[in-house]
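Lettering follows sequence order; numbering is per chain, from 1.
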2 protein chains.
Amino acid sequence: MTELPDIESLQLLVLVGEHRSLTTAAEHVGTTQPAASKRISALERRFGVRLLDRSHTGSTLTSDGRLVCSWAERVIEDVNLLVEGVNALRRERTAQLSLAASLTVAEHLLPTWIGDLRRQVADLHVGLQVLNSTRVCELVRSGEIDLGFIESPRRLRSLRSQIVARDRLVLVVAPGHRWARRRRPVGAAELATTPLISRESGSGTRDTVEQALLATGLTPVEPLLELGSTTAVRSSVATGAGPALLSELVVASDLAAGNLREVATTGIDLHRTLRAVWHTGAAPSGAAAELLALASRAGSSPRTASARDAKSERDRS
Amino acid sequence: MTELPDIESLQLLVLVGEHRSLTTAAEHVGTTQPAASKRISALERRFGVRLLDRSHTGSTLTSDGRLVCSWAERVIEDVNLLVEGVNALRRERTAQLSLAASLTVAEHLLPTWIGDLRRQVADLHVGLQVLNSTRVCELVRSGEIDLGFIESPRRLRSLRSQIVARDRLVLVVAPGHRWARRRRPVGAAELATTPLISRESGSGTRDTVEQALLATGLTPVEPLLELGSTTAVRSSVATGAGPALLSELVVASDLAAGNLREVATTGIDLHRTLRAVWHTGAAPSGAAAELLALASRAGSSPRTASARDAKSERDRS
DNA sequence: CGCACGTCATAACCTGTGGGAATGACCGAA
DNA sequence: TTCGGTCATTCCCACAGGTTATGACGTGCG
């Protein structure tokens with residue numbers, strides 16, 4: 001088993017690939033040329049693969065190097081998302097821009113948006129709390145939070161909102177599953193009577209499924225398997241344990257890589273809208289407005305929600 | 001800027017989350033309990049976020065910890081792909097199973113397959129070479145390679161082959177681009193007369209586009225921008241420079257995250273088949289057969305075209 | 001009720017990796 | 001030839017991270 005590489009070295013490798021030079025790559029990452037040289041050498045030694053063609057006019061990637069580089073880029077991308085997310089979490093209290101979001105949004109979308117936002121607005125402290133949809137709405141109402149992100153189709157009293165993305169639950173199975181080759185879409189009735197792998201009762205996706213089925217007058221059968229985390233569900237499906245309904249955001253990469261297969265459904269609406277919510281009256285201020293614009297530009301064709309301006313009733317406790 | 005975390009610590013965090021115990025997580029990764037404790041502490045200090053609720057009966061993740069963990073899982077997943085890929089590259093010469101593949105397959109699919117394969121067959125040395133399609137075929141014919149993977153629609157003389165996956169070039173634009181809101185699909189003629197961001201001439205995807213257009217009797221106009229790497233194209237598109245045709249495998253995550261938007265096309269076939277090829281007569285031996293089965297199970301069942309249909313029914317609220 | 005076993009934290013020590021500064025070797029362009 | 005650019009090498013140092021040993025604290029069993 002190859003020991004794990006370290007992220008700094010991967011970062012460096014990518015930079016060398018871009019700049020065709022150890023020296024400039026080194027100072028681009030705030031270190032010196034010998035350090036960079038040693039790092040890459042160590043990486044080559046560890047991997048047992050030559051990555052760089054070093055010459056006295058610069059260094060370029062070997063063909064193996066280019067390949068490794070492309071894998072490294074994905075790693076670094078994910079690391080950046082993690083870092084953005086963590087930064088937002090840490091700054092929860094001292095934040096200039098306070099956000100609250102439900103899990104799906106916080107996991108899959110917010111780090112990207114925050115990253116983009118901070119590239120536009122320098123020195124911005126973003127704070128993030130992860131809560132369920134009703135708590136998010138409460139905090140937005142109380143003014144503790146500048147902007148909230150929720151996935152609930154619930155009533156939004158005295159809040160303004162806008163759809164920023166549209167998620168969809170997709171029916172997925174392992175490639176070996178008999179449904180993988182199925183051509184006719186699965187109907188609502190069949191879905192309701194098929195035991196699925198699912199999250200525990202009360203989780204967002206589980207609720208969405210049940211709501212969607214109830215909307216067609218059906219009650220879902222007991223699940224085949226109940227697991228505590230989405231990734232656990234995902235890997236159970238991949239091993240062929242059975243079908244599951246999972247967020248498109250979660251399984252996109254698995255579908256592309258062929259680890260999972262999507263099965264078409266019909267007669268049931270598994271879409272759910274992800275909304276930004278903010279306090280009535282106060283239009284989102286600078287950074288919040290920027291984020292809102294950015295998110296809705298990124299997420300979906302701007303289909304602005306009709307502002308549900310109800311009575312501004314004060315139900316602070 | 002938060003300093004970058006190291007992969008071992010992230011790995012450890014995920015394990016602690018699973019095992020609810022520092023001790024067992026530590027030995028699971030081949031180290032001692034104090035080391036693990038210090039690592040996690042360091043991670044918390046670096047991030048400025050509490051990740052673990054430590055008690056005398058075990059340790060569980062905080063809610064922040066769970067979130068960080070979910071981001072960490074993606075990082076680790078990509079790291080594993082990188083490691084699998086590198087392992088295959090290194091073992092090129094001493095391999096028990098020699099593979100050759102074109103870039104797209106090698107980048108996006110093979111690491112996964114090899115990982116799965118090595119989980120089934122212990123102590124397997126897999127060798128990988130990355131070459132263009134014609135070279136792959138040559139090596140397979142000469143017997144130097146047990147199994148090849150190509151994306152060419154070319155003639156396969158004296159080779160047996162099997163479709164293992166189906167890739168598709170999708171037309172993508174930035175979310176702010178005017179085409180992002182477009183409802184009518186883009187036709188072949190319009191595509192041919194629109195300057196696109198693309199790879200340099202001779203690259204696989206560029207060729208595919210030109211072939212597909214030529215098949216409809218059209219010659220593409222000069223590109224808007226010519227870039228040397230697929231990721232460069234991808235980020236140019238994301239910044240709004242213009243539209244591009246990119247492999248579904250490349251942009252899947254960006255589409256899910258909303259960094260890019262897909263624009264429907266019509267009147268042009270942008271599919272391309274990814275095939276495994278092997279030598280006539282000699283049926284693939286043990287490991288090769290296993291890999292072939294695994295790959296075609298993962299990729300080849302008929303793709304649900306209704307995934308697109310679901311998109312067109314976005315008129316609800 | 002107390003003892004054994006489980007958890008994690010702390011302390012002391014050691015090793016080795018990785019960083020910095022200075023220097024050398026080499027190439028190409030002016 | 002000389003200068004400006006590469007990268008490699010060496011020496012030294014610091015500190016992160018490991019291990020072992022130990023302690024403190026709960027839980028559960030006899």
- Message: side-chain contact (heavy atoms from CB on, under 4.5 Å) for A/Arg54 and A/Ile40? Distances and angles first, verdict last.
- Response: CA-CA 11 Å; A/Arg54 294 136 128 120; A/Ile40 300 287; 4.1 Å; yes

Any donor-acceptor pair under 3.5 Å linking the side chain of [X] with the backbone of [Y]?
X        : Y        : result
B/Arg199 : B/Arg206 : no
A/Ser102 : A/Asn132 : no
B/Trp71  : A/Asp78  : no

Nearest-angstrom distance from the residue atom [atom1] of [X] to [atom2] of [N]:
X       : N      : atom1 : atom2 : result
A/Leu4  : D/dG17 : CG    : P     : 14 Å
A/Leu43 : C/dT17 : CG    : C1'   : 14 Å
B/Arg45 : C/dT10 : CZ    : P     : 12 Å
B/Leu52 : C/dT7  : CG    : C1'   : 12 Å
A/Asp53 : D/dT6  : CG    : P     : 17 Å

- Message: Can you tell me if B/Arg54 touches the phosphate of C/dT7, counting only side-chain N or O atoms and a distance under 4.0 Å to OP1 or OP2?
- Response: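 Indeed not, no polar side-chain atom of B/Arg54 lies that close.
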
- Task: Kindly indicate whether the side chain of A/Glu27, heavy atoms from C-beta on, has any atom under 4.5 Å from the side chain of A/His19.
- Result: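 Of all side-chain heavy-atom pairs linking A/His19 with A/Glu27, none is under 4.5 Å.
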
- Task: State plainly whether the residues B/Arg234 and A/Glu73 are in salt-bridge range, i.e. N to O under 4.0 Å.
- Result: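 Looking at A/Glu73 together with B/Arg234, the answer is no, because their closest N to O distance does not fall below 4.0 Å.
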
- Do B/Arg135 and B/Glu138 sit within salt-bridge range, that is, some charged N less than 4.0 Å from a carboxylate O?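 Looking at B/Arg135 and B/Glu138, the cut-off is met.
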
Could you give the side-chain donor-acceptor pairs of residues 119-127 of chain B under 3.5 Å, partners two or more places apart or in another chain?
from, atom 1, to, atom 2, distance (Å)
B/Arg119, NH1, B/Asp116, OD1, 3.1

- Kindly calculate the angle separating the two end axes of the helix from C/dC1-D/dG30 to C/dA30-D/dT1, each obtained from five base pairs, and round it to 10 degrees.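 Its terminal axes enclose an angle near 20°.
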
- Task: Strictly below 4.0 Å, heavy-atom distances to any atom of DNA chain D: list the hits from residues 16-40 of chain A, or just say none.
- Result: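 Heavy-atom contacts with DNA chain D come from A/Ser21, A/Leu22, A/Thr23, A/Gln33, A/Pro34, A/Ser37.
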
- Query: Does the base of D/dC25 carry an N or O that pairs as donor and acceptor with the side chain of B/His56 under 3.5 Å?
  - Reply: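 Result: at least one qualifying N/O pair found.
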
